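One structure is given below, encoded as structure tokens.
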Amino acid sequence: MRHAFSVRIGPVGFRVGSAWPQPIAAMRRLYAGYPPPRDGIADFTVRLEPTRPWRRWLRPSAMVRGDFTLPDAAPLPLAQGLLAAEMGMNLQMALGARRWLLLHASCVERDGRALLMSGHSGAGKSTLSALLGERGWRLLGDEFALLDPASGVIHPFPRPVSLKNEAIAVMAAEVAADRLGPLIPGTPKGDIRHLRPAADALARMDEPATPAMLLFPRFGASADVRPMGAIETFVRLTQASTNYVVLGEAGFAALTGLVRGVPAMAIDYPDTAAAIDLVERLWAETAR
Amino acid sequence: MPVYRVDPPACRLSVEAEGMTLLYHRPSGITHVLLPPAPEILTALADGPADPATLAARLAVSHAIGDGDGEDAAAVIAARLGELAAVGLVAVAPGIGGRVAG
């Protein structure tokens with residue numbers, strides 16, 4: 001590719017190639033301070049290419065390609081090239097990772113113990129993990145939790161947090177302006193702006209944590225807590241995993257180990273301040 | 001009544017929680033959530049192919065399931081065996097009963 005950028009996020013090395021310089025320049029800024037892939041070798045490759053040769057100049061739009069692709073994925077306008085690269089990296093992880101059980105969950109750590117938050121898109125798990133990451137917790141990741149089948153630990157995957165719509169203002173009030181990437185308006189998910197994780201999240205990206213609590217947050221209702229049994233938690237996490245089926249027996253062992261060893265709760269919250277209070281209270285009462 | 005068979009116990013990994021069983025079936029790679037008496041039926045069937053009445057007798061001895069009302073127990077077990085066959089955890093034993101699997 002004409003333009004390329006390589007980066008390591010926790011245990012995973014990526015190489016992003018692009019037909020245009022702009023997405024690569026944006027990535028260099030967003031990922032400043034991240035290490036290169038180990039031994040210079042990336043685990044996954046993402047390519048941003050024009051849909052037709054002339055579309056490199058004429059109404060340029062980026063098709064996300066790579067080791068793993070979705071056959072019916074739509075191209076994104078070049079102005080959303082950074083988002084296209086991020087989506088491509090997510091796709092490689094979701095479809096290609098085999099070393100860990102991937103849970104669609106955000107994750108933060110304190111005292112070596114991890115709090116996992118899983119839920120549907122829009123449940124607020126990214127915002128909650130980003131806020132906790134500024135308030136005494138270490139951000140392990142806002143998108144994927146990497147559960148190690150052999151040891152049961154969670155490996156950090158501290159990508160820049162993808163803030164959407166209202167969450168952008170919430171975090172802009174919380175962090176220095178240089179921690180935020182460019183505003184990407186009008187994406188399929190609304191406005192998006194990336195948040196660079198705090199310095200300790202990057203400095204300690206090779207330090208795993210032991211799962212201690214699982215939450216399934218839901219934004220928009222009055223504060224409520226409902227303990228969840230191991231079976232319900234197991235079923236929900238198989239649905240939240242992108243590679244449970246391909247991992248086979250290792251995935252079964254990893255997930256049954258997680259749900260039997262860690263308390264799980266569904267929580268409703270009316271606003272982020274209430275959510276943070278709830279998380280801190282449950283952590284103090286429950287996490288083991 | 002058809003005779004059913006089951007894979008050897010080593011083909012299944014199971015974890016019990018809250019009165020239910022999470023079962024991983026190695027040959028298919030499929031995970032199942034089972035309610036009683038399905039796990040007990042799989043265990044009893046591992047002793048050898050059996051029809052529902054024979055299984056009811058085995059379970060009456062080992063788990064007191066259907067004790068005192070053999071016909072009802074056999075009907076319940078026949079229904080559960082049908083469900084387990086539909087998800088691939090048991091199969092009709094070829095050439096033993098009146099039907100052939102497949």
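Within every chain, numbering begins at 1; the chains are lettered A, B, ... in the order of the sequence lines, protein sequences first and strands thereafter. The structure displayed is predicted, hence computed values, not measured ones.
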Which residues satisfy the side chain to side chain contact (heavy atoms under 4.5 Å, CB included) test with A/T210, sequence neighbours excluded?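 Here the qualifying residues are A/V153.
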
The criterion is side chain to side chain contact (heavy atoms under 4.5 Å, CB included); which residues satisfy it with B/A38, sequence neighbours excluded?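 Checked B/A38 against side chain to side chain contact (heavy atoms under 4.5 Å, CB included); matches are B/L34, B/L84.
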
Cut-off 3.5 Å, side chains only: do A/S106 and A/D142 have a donor facing an acceptor?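 Result is no, nothing qualifies.
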
Residues [X], [Y]: salt bridge by 4.0 Å N-O rule:
{"X": "A/D43", "Y": "A/R99", "result": "yes"}
{"X": "A/E280", "Y": "A/R135", "result": "no"}
{"X": "A/R281", "Y": "A/E285", "result": "yes"}
{"X": "A/D67", "Y": "A/R47", "result": "no"}
{"X": "A/D39", "Y": "A/R8", "result": "no"}

Stepwise side-chain contact (heavy atoms from CB on, under 4.5 Å) test for A/R159 and A/E86: CA-CA 9 Å; A/R159 295 266 304 281; A/E86 295 283 307; 2.6 Å; yes

Which side chain or backbone donor-acceptor pairs connect chain A with chain B at less than 3.5 Å?
residue: A/A230; atom: N; partner: B/E18; partner atom: OE2; Å: 2.4
residue: A/I231; atom: N; partner: B/E18; partner atom: OE1; Å: 3.4
residue: A/Y244; atom: OH; partner: B/T31; partner atom: OG1; Å: 2.5
residue: A/E249; atom: N; partner: B/Y24; partner atom: OH; Å: 3.0
residue: A/E249; atom: OE1; partner: B/R26; partner atom: NE; Å: 2.7
residue: A/E249; atom: OE2; partner: B/R26; partner atom: NE; Å: 3.2
residue: A/E249; atom: OE2; partner: B/R26; partner atom: NH2; Å: 2.6

Chain A: which of B/L13, B/I30, B/V33 shares the most heavy-atom pairs with it under 4.5 Å?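 It is B/L13.
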
Side chain, backbone, both or neither: which part of A/V235 has a heavy atom under 4.5 Å from chain B? side chain

Heavy-atom contacts under 4.5 Å, residues 215-230 of chain A to chain B: A/G229, A/A230

So, A/D271 side chain and A/A273 main chain: donor-acceptor pair closer than 3.5 Å or not? yes

